[in-house]
Colleague: 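The structure's right below; bear with me while I get my questions together.
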Amino acid sequence: MLLSKLFIPITKDLPAEAKIKSHQLMLRTGMIRQSSAGIYSWLPLGFKVMKKIEKIVREEQNNIGAQEMLMPTIQSSDIWKESGRYDDYGEEMLRISDRQNREMLYGPTNEEQITEIFRSSVKSYKLLPQIFYHIQWKFRDELRPRFGVMRCREFYMKDAYSFDLNENEAVLSYNKMFYAYLKTFKRLGLRSIPMKAETGPIGGDLSHEFIILADTGESKIYTDKRIFNISTDKYSNDSNSLKKMRDDFSKFYAVTDDKFNQEDFNKKVNKGDQLETKGIEVGHIFYFGDKYSKPMNCTVDSKDGKKTFVKMGSYGVGVSRLVAAIIEAKYVNDKMKWPKSVAPFDVVIIPSINKKDMSNLEKALKVYNDLRNKGIDVLLDDIEESITNKFKKHDLLGIPYQIIIGSKITQDKFEFKESDKEAEITDINKIIKILKK
Ligand code: 5CA
């Protein structure tokens with residue numbers, strides 16, 4: 001992509017309404033634009049990062065055998081009346097009516113809808129287990145939307161739903177998702193900690209929030225520091241390894257605010273290993289048995305012919321929140337630092353250009369085409385402005401690698417720089433090798 005053709009409305013001013021770094025940087029680099037309180041448009045740069053995150057989330061869901069589908073944003077109130085949540089959900093639910101005066105709502109989550117789909121066609125235990133997911137916009141009329149896309153009203157979520165015959169099998173589905181989450185967040189360059197959590201309006205008694213540490217996070221957490229030493233690479237997607245993973249994590253005290261008990265904390269964790277800090281919730285998983293299947297009469301015939309309420313869990317990832325969460329976890333001073341896996345571009349070429357001599361731009365175009373031909377996602381800064389301004393702009397944008405084409409280069413060698421490291425003079429083949437890694 002040529003920068004001159006890309007819509008990145010960078011602003012110099014610090015947006016007054018933005019209280020945290022990720023929100024400031026997202027507005028300054030034109031990744032998002034607020035359309036009304038807690039509702040945002042995603043401009044090309046922000047959208048591109050969000051789509052890269054979505055792709056990783058999707059791949060890890062597929063890896064554990066979850067099936068992708070798509071449910072609508074608008075739901076009928078009927079199913080919510082069946083589950084009993086239509087009244088319980090309260091003012092966070094955006095209620096609307098259609099031209100026939102039918103009560104509809106903009107979905108804040110999809111437990112009812114997926115239960116309705118499942119019960120309409122699955123009648124036998126033979127079709128279990130099943131895990132479905134979709135990645136879809138949600139609406140929650142938050143009392144105080146804040147911190148940009150971190151806590152907004154319209155947001156993009158991956159939500160998955162598991163259906164099992166009994167609790168044992170349901171816990172296996174839960175463990176698979178736990179595993180998929182650890183892998184997903186790791187690929188996004190994040191260290192996530194699963195913390196025992198309350199279930200709130202989703203319900204159930206087994207639940208973990210996946211938290212990444214950040215001072216600006218809204219979740220207060222209490223944990224045994226030793227949980228950070230668990231290497232998640234050693235687990236695999238089979239039931240024994242998954243059980244071992246859960247056992248290993250549950251050895252360490254790690255809870256959110258609402259599950260916290262000072263006495264327990266002191267009893268279970270040595271003073272030196274205690275950590276009280278803040279974090280951002282990027283995912284949340286729940287096991288709630290028959291909380292929805294019972295009132296909605298969702299049963300299957302078990303082996304002995306008896307009708308059994310299916311046991312369900314649900315599993316959310318805040319895909320749009322993750323864009324801000326990654327910035328928040330990684331930024332240094334006023335610069336974004338994108339992990340390679342989700343950076344808006346793999347590399348940016350920065351030629352020093354002046355009207356009288358376009359040779360650097362010509363060289364840059366050649367490199368640009370070479371890299372594109374190798375499948376590398378490359379941005380070329382073809383704009384005529386001072387090299388100092390260019391550096392400032394690209395520091396802000398945080399693309400992980402830069403190729404600088406200025407006075408220092410020879411015929412086929414370039415200045416190549418990984419953010420924050422010293423530049424090296426190198427040739428295109430080595431650059432391709434590094435970028436392809
Ligand atoms: N039905 C369950 C699981 S699918 C559910 O809705 N869980 S949740 O309420 O915890 O939301 C899942 C994830 O969505 C959260 O972990 C968070 O990352 C994200 N999320 C929730 N509310 C917001 C919000 N107001 N703005 C941005 N992201 C949000």
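As the structure lists them, so they are numbered: ligands from 1, and atoms in each ligand from 1.
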Colleague: Who pairs with Tyr40 by ring-ring contact (aromatic ring centres under 6.0 Å, His included), at least two apart in sequence or on another chain?
Modeller: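 Here no residue qualifies.
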
Colleague: So, using side chain to side chain donor-acceptor pair (under 3.5 Å) as the criterion, who are the partners of Ser173 when residues are at least two apart?
Modeller: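 In terms of side chain to side chain donor-acceptor pair (under 3.5 Å), with neighbours along the sequence ignored, Ser173 is linked to Asp164.
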
Colleague: Ion pair present between Glu92 and Arg153, side-chain N to carboxylate O less than 4.0 angstrom?
Modeller: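 Result for this pair is no, no salt bridge flagged.
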
Colleague: Could you check whether Asp334 pairs with Arg28 (Lys NZ or Arg NE/NH1/NH2 to Asp/Glu carboxylate O, under 4.0 Å)?
Modeller: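 Yes, charged N to carboxylate O under 4.0 Å.
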
Colleague: Taking 4.0 angstrom as the limit, do Arg85 and Glu112 come out as a salt bridge?
Modeller: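 Yes.
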
Colleague: Mind jotting down which residue pairs meet the ring pair (Phe, Tyr, Trp, His ring centres under 6.0 Å) criterion with at least one end in residues 56-93? Sequence neighbours excluded, please.
Modeller: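 Checked against ring pair (Phe, Tyr, Trp, His ring centres under 6.0 Å) - neighbours excluded - the pairs reaching residues 56-93 are Trp80-Tyr89.
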
Colleague: Below 4.0 Å from any atom of ligand 1, which residues have a heavy atom? Give them in chain and number order, please.
Modeller: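 Within the 4.0 Å shell of ligand 1, which is judged on heavy atoms, sit Thr109, Glu111, Arg140, Glu142, Val149, Met150, Arg151, Cys152, Phe155, Met157, Asp159, Ile202, Glu281, Val282, Gly283, His284, Phe286, Ser314, Tyr315, Gly316, Gly318, Arg321.
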
